[in-house]
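Both counts, for ligands and for their atoms, begin at 1 and track the order of listing.
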Amino acid sequence: MVQATPFLLVLFLALGAHGLSAEKCSLTGHWINDLGSNMTIETVNADGGFAGSYHTAVTATSNEIKVSPLQGSQQKGPNQKGQPTFGFTVNWSFSDSITVFTGQCFVDDDGKESLRTMWLLRSRVENVRSDWKATRVGTNIFTRL
Ligand code: BTN
């Protein structure tokens, strides 16, 4: 029993540390993605709703880029076990387009957070014959600034 005590203590601390790192996966804060775009997410409310702002580094248009609002939702259901899934929409203030992102917040073994996302960018087209070319798809990885 005496010999087992230090082992159990180390095991407890290891499991505890892992639990804490999973808890730390919070969307709130300042993020940068692999394109160099910057995003700020304000407080996530009790229902999982959040708002923020997005400064894209690139555009599919010839318009001058401006900071744009985003609104999103994080999974807060009873099954939530940390490293939550989420979605948000960016309503571009300088173009006729909308982007929806969906993703998951991950914490790696060093406690570093990242947001792995997929997005759909819907651009406005002049008529239904052009609908086929109106949607782009891609992925972005965000890391905390
Ligand atoms: C537009 O060009 O009409 C609006 C800007 C779109 C920027 C896209 S959204 C997906 C991708 N990730 C980014 O950070 N920027 C581009």
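Classification of the F101-W119 ring pair by plane angle, with boundaries at 30° and 60°, yields tilted.
The distance from the CD1 atom of I98 to the CG atom of N91 is 3.5 Å, given to the nearest 0.5 Å.
C105 has its side chain within reach of L27: a pair of non-hydrogen atoms, C-beta onward, lies under 4.5 Å apart. Put simply, the side chain of F94 reaches to within 4.5 Å of the side chain of T56, judged on heavy atoms.
In terms of protein heavy-atom proximity, atom 15 (N) of ligand 1 is closest to T56 OG1, 2.9 Å. When only non-hydrogen protein atoms are considered, atom 16 (C) of ligand 1 lies nearest to V58 CG2, 3.8 Å.
The two residues N45 and K76 come nearest to each other via the heavy atoms O-CE, 3.7 Å. Considering every non-hydrogen atom in both C25 and F106, the closest pair reads SG-N, 3.3 Å.
Residue T99 approaches ligand 1 through these ligand atoms, each under 4.0 Å from one of its heavy atoms: 9 (S). Listed by number with element, the atoms of ligand 1 under 4.0 angstrom from any heavy atom of S37 are 13 (C), 14 (O), 15 (N). Against a heavy-atom cut-off of under 4.0 Å, S95 is close to the following atoms of ligand 1: 1 (C), 3 (O), 4 (C). Heavy-atom proximity to Y54, at under 4.0 Å, picks out these atoms of ligand 1: 12 (N), 13 (C), 14 (O). Using a 4.0 Å cut-off to heavy atoms of N140, the atoms of ligand 1 that qualify are 11 (C), 12 (N), 13 (C), 14 (O). Distances below 4.0 Å separate heavy atoms of S97 from the following atoms of ligand 1: 3 (O).
Among the atoms of W92, none of the N or O lies under 3.5 angstrom from an N or O of ligand 1. At under 3.5 Å, a nitrogen or oxygen of T59, whether backbone or side chain, sits near a nitrogen or oxygen of ligand 1. Residue-to-ligand polar distances place A60 within reach of ligand 1: an N/O pair is separated by less than 3.5 Å.
We find that R122 and D131 are joined by a salt bridge, their nearest charged nitrogen and carboxylate oxygen being less than 4.0 Å apart.
Under 4.0 Å from ligand 1, not a single heavy atom of N63 appears.
The 12-atom threshold is exceeded at CZ of R144, counting heavy atoms of other residues, nucleotides or ligands nearer than 6.0 Å.
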